Structures are given as structure tokens and as C-alpha cells.
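Just so you know, these numbers use all the heavy atoms, side chains as well, and skip hydrogens, waters and symmetry mates. Count residues from 1 along the sequence. Note that this is a predicted model, so its numbers are computed, not measured.
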Amino acid sequence: MGEAGETGETAAPRRALIWLALGCAAGVALSAWGLLADAPSQALPQSAVARVNGALIRADAYHRLVAALAADLRGPVTPELRRRVLDRMIEEELLVQRGLELGLAASDRRVRADLSSAVIRSVVVEAEDESPSPGALRRFYREQAAFFTRPGRFRAAQIYFRAPGAPGGAGEDAARRRAERVRARIAAGEDFEALRAASGDAEVSPLPNALLPPAKLRDYLGPTALQAVMALAPGETSAPLRGAGGFRIFRLLQREPPRLPPFEEIREQVQAEWRRRAGDEALRRYLAELRGRADVAVRPQLP
């Protein structure tokens with residue numbers, strides 16, 4: 001009886017300890033499960049879709065690639081393709097990290113060039129995205145009037161005299177004398193077009209009968225002849241000029257002076273130039289700031 005009574009006295013406390021132990025174990029298990037369940041959300045913010053060795057793969061970059069793939073496929077992107085896109089982004093991040101570990105950013109010229117270009121783009125694009133106020137844009141147009149002024153245009157004609165044979169030979173002398181005689185007849189008042197038809201040779205590169213800017217006229221004449229034509233007044237005729245294959249006489253038929261287009265006519269061009277210069281200025285400031293923070297030592301006398 002005593003033994004049985006002793007068992008009865010201790011049974012309740014033992015059961016309580018067992019239930020308490022089980023409760024603690026369950027609480028620990030639930031807490032651990034909660035920590036594990038919350039870990040992904042804590043590790044990955046809403047703005048990221050993956051993490052690779054601490055580097056986040058941004059959700060916006062992932063969505064851009066998925067959208068580009070959808071545009072290429074011209075249809076919806078399946079979950080399998082979405083996963084493949086993310087896998088490629090993870091693999092790219094792993095390769096980038098490995099490349100940095102190998103020191104390619106410091107030793108590979110192409111990697112260094114790509115990296116510096118990417119930084120330049122990030123600085124320039126941010127500045128170019130800014131839009132100037134209408135007043136600032138008009139002020140820029142006025143201050144840079146010389147830049148936006150279009151060069152004058154020229155309409156010219158030529159008479160060509162072919163010089164057969166080697167340079168300095170009889171053919172060249174004959175062509176020069178022909179050109180000089182025609183030039184004298186033009187100076188005496190004979191018609192330029194009539195003399196071209198009667199005394200000139202077939203032109204290798206005929207000039208269009210149109211007003212052309214200097215850059216286009218140079219394509220037909222070359223730099224030396226272009227300068228000779230631009231030095232003429234309308235109606236004047238040049239002296240014979242030696243060129244490829246022979247001699248040429250030029251007459252300036254029409255000259256259009258340089259022209260500054262109205263602001264409204266070239267507003268888009270003005271804004272594009274404003275943004276380009278804003279990007280250049282932002283890059284200069286950024287590079288100056290980097291040099292100011294850096295410890296740069298230069299050899300006084302370069303080898």
C-alpha cells in the first residue's frame with residue numbers, strides 16, 4: 001500500500017514535467033520553423049528576385065529581360081522560360097564575381113574598357129535625362145548661335161581638260177595650254193557654257209547644278225579646288241587648276257550666305273545639343289571629383 005501510495009503521490013508532478021518539457025520542445029520547434037520560414041523574405045527584399053553571394057539580382061532587371069523575351073517571342077513567357085531567364089542572370093552574376101576574383105577588371109584591357117564605358121554611360125545618361133526649361137533652352141540657342149548657324153551653300157560649274165600621258169609630259173602641257181586659252185576667252189566675254197560644250201572634255205565627276213554645302217562640294221572637287229571655288233565671287237572664273245587626270249576651270253554661279261535657322265525650326269536639335277553638353281560637363285565634374293578623392297602619383301619625367 002505504501003509503495004502504491006508513493007507512486008500516486010509522484011505521478012502528477014511527473015506528468016506535469018513531461019508536458020512542460022514537451023511544450024518547451026514544441027515552442028522551440030515552432031520558433032525555429034518560424035525563423036526558417038521568415039529567412040527568405042528577410043534575405044530578399046521585394047525589389048530583388050535572387051541573391052548570389054550577397055549580390056542582389058534586381059527585380060526590375062529581371063522583368064526587363066522577361067519583357068524583352070516576350071517581345072521576341074511575340075507571346076507569353078512560360079514559367080519554365082522565366083526560370084531560365086533567372087538562371088542565366090544568376091550564372092552571369094557568378095561569372096562576373098569570378099572575373100573580379102581573378103582580377104580581370106585590373107588586367108584585361110577589354111574588361112577595363114567596358115567597365116569604364118559603363119560608368120561613363122551611367123554618369124552621362126543621368127545628366128542627359130534632365131530637360132532644360134524653355135528659357136534656358138532659348139538662352140543656349142542665342143549663346144551658341146555660331147554653332148547652330150548653317151554654312152553657306154555654293155553652286156558651281158567646271159570645264160575639264162584631260163591630260164593624257166605621264167605628269168609633266170606633252171599631254172599635260174597641251175591640256176594646260178587649252179585651259180589657259182579657254183580661260184582667256186571667258187575673260188574676254190565669251191559664254192562659259194558654250195565654251196564648255198565646245199572645248200571641254202567629258203567630266204569624270206560632273207558637278208550637280210544645285211546649291212551644295214562645302215562638305216558636299218568637297219566630295220566632288222577635293223579640298224584644294226573647294227578652297228578655290230569658295231574664294232570666288234558669283235560670276236568669277238578661276239585660273240586653271242591641276243587635278244586628277246587633267247586641268248579644271250571653275251565658275252561660281254551662286255553663293256548662299258550662312259544662315260541661322262529660327263529657334264522653332266531646330267528646337268529638337270538645340271535640345272539634343274544641350275543634353276549632349278550637359279552629359280559632357282557632368283562627366284568632367286565626375287572625373288574631377290574622382291581625381292580629387294584619389295591618391296594619384298605621376299612620374300615627373302615620363303620615359
> Is a side-chain N or O of Arg162 found less than 3.5 angstrom from the main chain of Ala175, in a donor-acceptor match?
Replying inline: no

> Quick one: is the NZ or CZ of Arg255 closer than 6.0 Å to the six-membered ring centre of Phe154, and within 45° of its axis?
Replying inline: no

>> If the condition is side-chain hydrogen bond (donor to acceptor under 3.5 Å, both in side chains), which residues does Ser116 pass it with, not counting sequence neighbours?
In response: none

Could you give the side-chain donor-acceptor pairs of residues 185-197 under 3.5 Å, partners two or more places apart or in another chain?
| residue | atom | partner | partner atom | Å |
| --- | --- | --- | --- | --- |
| Arg185 | NE | Glu190 | OE1 | 3.3 |
| Arg185 | NE | Glu190 | OE2 | 3.0 |
| Arg185 | NH2 | Glu190 | OE1 | 3.0 |
| Asp191 | OD2 | Glu193 | N | 3.2 |
| Asp191 | OD2 | Ala194 | N | 2.8 |
| Glu193 | OE1 | Arg196 | NE | 3.4 |
| Glu193 | OE1 | Arg196 | NH2 | 2.6 |
| Glu193 | OE2 | Arg196 | NH2 | 3.2 |
| Arg196 | NH1 | Gln158 | O | 3.4 |

Between side-chain atoms of residues 215-237 and protein atoms elsewhere (two or more places apart, or another chain), which donor-acceptor pairs fall under 3.5 Å?
| residue | atom | partner | partner atom | Å |
| --- | --- | --- | --- | --- |
| Glu236 | OE1 | Ala233 | N | 2.9 |
| Thr237 | OG1 | Arg251 | NE | 3.0 |
| Thr237 | OG1 | Arg251 | NH2 | 3.2 |

>> I'd like to check the side-chain hydrogen bond (donor to acceptor under 3.5 Å, both in side chains) partners of Asp114; sequence neighbours left out, ordered by chain and number.
In response: none

> Got a sec, which residues hit side chain to side chain contact (heavy atoms under 4.5 Å, CB included) with Val296, two or more places apart in sequence or on another chain?
Replying inline: Arg291, Ala294, Val298

> Among pairs that include at least one residue of residues 126-142, which meet salt bridge (Lys or Arg N to Asp or Glu O under 4.0 Å), considering only residues two or more places apart or in two chains?
Replying inline: Arg138-Glu264

>> On the six-membered ring of Phe247, is Arg183 placed so that its NZ or CZ lies under 6.0 angstrom from the centre and within 45° of the ring axis?
In response: no

> Where the side chain of Tyr160 meets the backbone of Gly245, is there a donor-acceptor pair that is under 3.5 Å apart?
Replying inline: yes

>> Between the side chains of Arg150 and Glu265, is the shortest nitrogen-to-carboxylate-oxygen separation below 4.0 Å, so that they form an ion pair?
In response: yes

>> Applying salt bridge (Lys or Arg N to Asp or Glu O under 4.0 Å), can you list everything that pairs with Arg176, at least two apart in sequence or on another chain?
In response: Glu172, Asp173

> Does the pair Glu101 and Arg98 meet the rule for a salt bridge (charged side-chain N to carboxylate O under 4.0 Å, His left out), with working shown?
Replying inline: CA-CA 5 Å; Glu101 290 175 359; Arg98 182 55 180 160; 3.0 Å; yes

>> Using the ring pair (Phe, Tyr, Trp, His ring centres under 6.0 Å) criterion, which residues pair with Phe263? Sequence neighbours excluded.
In response: Tyr141

> Among all residues two or more places apart in sequence or in another chain, which pass the side-chain hydrogen bond (donor to acceptor under 3.5 Å, both in side chains) test with Gln269?
Replying inline: none

> Considering residues at least two apart in sequence or located in another chain, which fulfil the salt bridge (Lys or Arg N to Asp or Glu O under 4.0 Å) criterion with Arg88?
Replying inline: Glu91

>> Salt bridge or not between Arg276 and Asp280? Use side-chain N to carboxylate O under 4.0 Å.
In response: yes

>> Checking Glu256 now: which residues fulfil salt bridge (Lys or Arg N to Asp or Glu O under 4.0 Å) with it, not counting sequence neighbours?
In response: Arg153

> Which residues satisfy the salt bridge (Lys or Arg N to Asp or Glu O under 4.0 Å) test with Arg293, sequence neighbours excluded?
Replying inline: Glu289

> In terms of side-chain geometry, is the basic nitrogen of Arg285 or Glu281 positioned less than 4.0 Å from the acidic oxygen of its partner?
Replying inline: yes

